[in-house]
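Computed from a prediction, not measured in an experiment: that's the story for all the values here. Order of the sequence lines sets the chain letters (A, B, ...), proteins ahead of strands, with each chain counted from 1.
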Protein chains: 4
Amino acid sequence: MEARSGAGKQDGGGSARTFTEAARRAQIVGAAIEVIAEVGYTKATFTRIAKQAGLSSTGMISYHFAGKDDLMREVVAEVFRVADGYMIPRIEAQTTASGRLRAFIESNIELLGEFPKHLPAVVEVLGNIRSDDSSMREFCAAMDSLVDTHTHLIREAQKAGEFGEFDPRVMALAIRGAIDGVVTRAAKVPDFDPVACGRELADLFDRATRKDAGKDTGKDNR
Amino acid sequence: MEARSGAGKQDGGGSARTFTEAARRAQIVGAAIEVIAEVGYTKATFTRIAKQAGLSSTGMISYHFAGKDDLMREVVAEVFRVADGYMIPRIEAQTTASGRLRAFIESNIELLGEFPKHLPAVVEVLGNIRSDDSSMREFCAAMDSLVDTHTHLIREAQKAGEFGEFDPRVMALAIRGAIDGVVTRAAKVPDFDPVACGRELADLFDRATRKDAGKDTGKDNR
Amino acid sequence: MEARSGAGKQDGGGSARTFTEAARRAQIVGAAIEVIAEVGYTKATFTRIAKQAGLSSTGMISYHFAGKDDLMREVVAEVFRVADGYMIPRIEAQTTASGRLRAFIESNIELLGEFPKHLPAVVEVLGNIRSDDSSMREFCAAMDSLVDTHTHLIREAQKAGEFGEFDPRVMALAIRGAIDGVVTRAAKVPDFDPVACGRELADLFDRATRKDAGKDTGKDNR
Amino acid sequence: MEARSGAGKQDGGGSARTFTEAARRAQIVGAAIEVIAEVGYTKATFTRIAKQAGLSSTGMISYHFAGKDDLMREVVAEVFRVADGYMIPRIEAQTTASGRLRAFIESNIELLGEFPKHLPAVVEVLGNIRSDDSSMREFCAAMDSLVDTHTHLIREAQKAGEFGEFDPRVMALAIRGAIDGVVTRAAKVPDFDPVACGRELADLFDRATRKDAGKDTGKDNR
DNA sequence: CATGAATGAGGCTTCATTCAT
DNA sequence: GATGAATGAAGCCTCATTCAT
């Protein structure tokens with residue numbers, strides 16, 4: 001889960017990025033995250049984002065970003081950057097597969113406490129992008145490879161005897177989907193507790209992946 | 001999971017819905033489902049939907065539906081209608097809570113075999129609708145109440161001793177999210193097997209909800 | 001010099017063109033010709049063209065044409081169509097190369113009498129297009145092949161002994177350029193007489209291409 | 001064909017033009033010539049010109065020129081300055097009207113060898129300017145007067161018995177147009193030979209203006 | 001009922017120009 | 001003098017919607 005740096009500002013020469021420019025870009029990306037999380041991808045127009053950022057016109061956004069795709073790329077990259085910074089240390093501190101899985105889920109959900117708009121925004125963006133959108137292909141590939149990575153890690157844990165027997169791909173998809181579901185739906189209730197919710201979700205998948213979960217897996221109720 | 005009938009055609013007189021009219025509406029809704037599943041909510045314009053339906057103009061759609069929101073409502077309602085018809089008998093055939101949960105998950109995923117576009121379309125629509133979209137208010141409320149219903153059923157099963165101890169709300173969200181994740185991502189792989197995948201997912205949540213899942217829930221890695 | 005039919009209206013199905021639609025397109029193309037001839041290619045915006053055509057918005061133009069390139073293609077095609085209709089019969093009525101050359105030049109200039117805006121418009125368009133504009137490549141190629149055709153005809157006339165010795169390519173370019181020059185500059189003077197001007201220009205190139213034009217071609221003044 | 005000095009930098013005080021300022025202006029004008037010749041008038045934006053000039057921002061251009069018109073005026077003036085320096089000595093070295101005409105045409109085309117971008121650029125600019133562009137009024141008048149001057153010289157040569165009988169205005173326009181045509185089209189072929197081409201074109205107009213060009217001017221095909 | 005042309009709002013983008021630093 | 005960020009006016013285009021036929 002590395003951060004992928006975006007392109008931006010049709011860079012035909014070797015113009016380095018100024019400090020001020022970087023600040024403006026960050027400001028716009030931040031405004032975009034807010035707006036996307038609040039009104040959804042479809043209605044997150046440059047007009048709305050500009051207003052949120054306190055800019056006078058949409059031209060400003062086009063001035064700093066090569067296009068809407070570019071801005072969206074930066075939005076995703078920024079969220080990944082933040083998420084990486086928060087999650088990776090917590091994950092790497094674990095030595096067991098189940099520990100890492102729990103750290104992954106919990107730290108991901110906990111992010112909603114510090115950055116309530118980041119994950120909802122990225123779920124919106126990634127849910128509204130098609131892999132045939134040319135400029136977004138890289139991101140879709142990155143997302144897919146992330147699921148692939150999880151699938152691989154799960155499979156390793158199974159071989160090592162840490163996890164039980166189940167389809168690692170479905171498990172990876174379920175984890176991803178469950179997190180997204182919580183991010184999208186639960187985050188907007190008033191008394192949402194990220195820590196408790198993360199622990200619950202981690203518990204859930206801990207039970208679902210555990211090795212000694214009994215031998216009669218659902219044979220009785222079909 | 002009942003079907004909610006849509007509004008459609010500003011009914012100012014006493015005009016009942018004719019057969020032709022109903023057929024046209026069904027045709028348009030079907031085309032909309034196809035298009036939404038294929039190109040996504042954002043790009044599912046009236047033009048594209050009309051083309052898919054073999055209609056010569058978008059005026060036809062506006063004539064039969066009060067607006068885009070109305071059409072989308074009908075899309076969701078239609079998918080629910082189909083899903084209800086397929087899922088409810090299978091769920092009600094079960095007598096245990098875990099049996100019903102399994103039937104719910106499996107029959108839901110199996111729908112992808114018979115109606116590959118229906119669920120992806122509804123996920124797209126529901127992911128792109130806000131509760132503050134005026135006419136969508138009561139619709140989103142219905143969606144939320146669905147999760148509430150599941151939450152309630154889970155809680156009952158816990159009281160009855162069928163399920164273990166966990167937050168029923170998080171579980172409901174996780175189930176919903178995991179299914180959506182599988183629907184969205186797995187539906188586009190070529191060799192997708194709905195039955196096998198549904199069983200895997202049902203197994204997963206069976207383990208996650210089971211009562212005797214061991215008592216040492218991940219205490220070692222926190 | 002055949003007319004090339006344009007594309008227009010993103011035609012993904014088999015939708016034939018309606019009579020009304022064809023009329024609107026013709027109206028818009030006519031307005032575009034007027035505007036381009038009057039204010040030049042650069043300032044011939046959709047807004048101006050719509051106003052000239054009596055349309056309420058620029059959206060109307062985009063509705064009937066796939067884009068600005070498409071409209072420009074139609075403009076050129078329309079002018080070619082008119083020019084072909086007028087010029088080809090007059091050219092083909094001639095049996096000698098010099099007769100055809102004269103008929104070509106005269107009929108071309110005479111067009112300014114009946115359609116004063118057509119040729120200036122097309123000169124504007126073709127002068128503001130680059131061959132790397134993708135969608136205009138075909139037209140540039142057509143223009144180039146037109147000069148090539150002239151070059152070829154001149155060469156044949158030379159072989160047949162009808163024309164004197166000179167570089168046919170330069171001659172073709174000079175004819176093209178001279179006509180364009182007259183079209184652009186002379187057409188806007190009030191007392192412009194197309195017939196007389198055409199005859200003068202034809203005389204000029206008749207002298208320039210004639211076989212027995214003396215043997216000491218400019219050797220004395222270099 | 002005299003150079004007309006441009007306006008530039010709203011001069012409200014008594015500030016003379018410094019050396020640095022002049023150098024900057026020349027640098028920008030040179031870059032503009034390159035860009036215009038390469039991408040055409042329409043796409044020759046300040047951004048592109050600034051990049052070509054190695055400038056970091058377009059503000060630099062606006063600072064040194066009163067506006068785009070002003071820059072374009074300077075571009076034309078600069079090309080005229082160069083052209084005058086090259087052509088005038090060669091023209092004045094001739095004593096006959098036909099010699100001067102030949103020298104004019106040949107030296108003009110030969111300029112393409114030394115300054116391949118200058119003439120194409122000026123043709124682009126002059127083709128995209130209207131006399132009603134406010135600040136361009138007197139500039140276009142100067143251009144017209146140039147053709148008038150040629151017309152006048154031709155008429156004098158006719159009175160002196162050096163040239164045959166023909167409409168001097170049409171001849172002047174044809175020469176101008178033919179040169180522009182060669183400049184525009186021939187300049188982009190790889191193996192273009194300016195000297196040979198100029199001689200050919202001069203030969204052409206030598207034959208067209210000569211006195212004893214035979215008396216039966218195309219009487220057979222009218 | 002159906003058609004398809006017309007509308008008008010709104011979206012993204014580009015551009016010349018201005019201004020604080 | 002120079003820089004580069006900001007501005008605001010157009011420009012082209014798409015879309016849902018309306019309306020005469």
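As rounded to whole Å, 9 Å separates atom P of dG11(F) from atom NZ of Lys51(C). Residue Leu55(A) contributes atom CG, which lies 13 Å from atom C1' of dG8(F) at whole-angstrom precision. Atom pair Ile61(C):CD1 and dT14(F):C1' shows a separation of 15 Å (rounding to whole Å applied). Rounded to an integer number of Å, the gap from Glu21(D) CD to dG1(F) C1' is 9 Å. Rounded to a whole Å, the OH atom of Tyr41(C) is 14 Å from the P atom of dG11(F). For the pair Ile49(D) CD1 and dA16(E) C1', the interatomic distance rounds to 11 Å; values are reported in whole Å. Whole-Å rounding puts the Ile28(B) CD1 to dC1(E) P distance at 13 Å. Distance, Phe65(B) CZ to dA2(E) C1': 15 Å, rounded to whole Å.
Residues Glu124(D) and Asn128(D) have side chains in contact (heavy-atom distance under 4.5 Å, counting atoms from C-beta outward). Side-chain contact check for Lys117(A) versus Glu38(A): some heavy-atom pair is nearer than 4.5 Å. Contact check for Glu74(C) versus Arg81(C): side-chain heavy atoms found under the 4.5 Å cut-off. Looking only at side-chain heavy atoms (C-beta outward), Val39(D) and Arg130(C) stay at 4.5 Å or farther from each other. Looking only at side-chain heavy atoms (C-beta outward), Arg24(A) and Tyr63(A) stay at 4.5 Å or farther from each other. Put simply, the side chain of Arg73(C) does not reach to within 4.5 Å of the side chain of Phe65(C), judged on heavy atoms.
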Output field dot_bracket for DNA chain E (Watson-Crick or G-U, both distances under 3.5 Å, | for other-strand pairs) contains .||||||||||||||||||||
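Considering only the side chain of Ser62(D), dT17(E) comes nearest among dT17(E), dA2(F), dA5(F).
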Between the protein and nucleotides 9-11 of chain E, which nitrogen or oxygen pairs come in under 3.5 angstrom?
unit_1  : atom_1 : unit_2   : atom_2 : d
dG11(E) : OP1    : Thr45(A) : OG1    : 3.4
dG11(E) : OP2    : Thr47(A) : OG1    : 3.3

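Nearest heavy atoms, Val79(C) versus His118(C): CG2-O, 3.6 Å.
Between Arg24(A) and dA6(F), a side-chain N or O to OP1/OP2 separation shorter than 4.0 Å is present. Remark: Tyr63(A) is in phosphate contact with dA5(F), judged by side-chain N or O atoms under 4.0 Å from OP1 or OP2. Put simply, His64(D) has no side-chain N or O that comes within less than 4.0 Å of OP1 or OP2 on dG1(F).
In this structure, Lys68(D) satisfies the cation-pi test against Tyr41(D), with its NZ or CZ atom closer than 6.0 Å to the six-membered ring centre and inside 45 degrees of the ring normal.
Residue whose closest nucleotide on DNA chain F sits further toward the 5' end, between Met60(B) and Thr42(B): Thr42(B). Of the residues near DNA chain E, Ser56(B) and Gly67(D), the one whose nearest nucleotide (by heavy atom distance) lies more toward the 5' end is Ser56(B).
Of the candidates Thr42(C), Val125(C), Val122(C), Val123(C), Val125(C) is the only one forming a side chain to side chain contact (heavy atoms under 4.5 Å, CB included) with Ile36(C).
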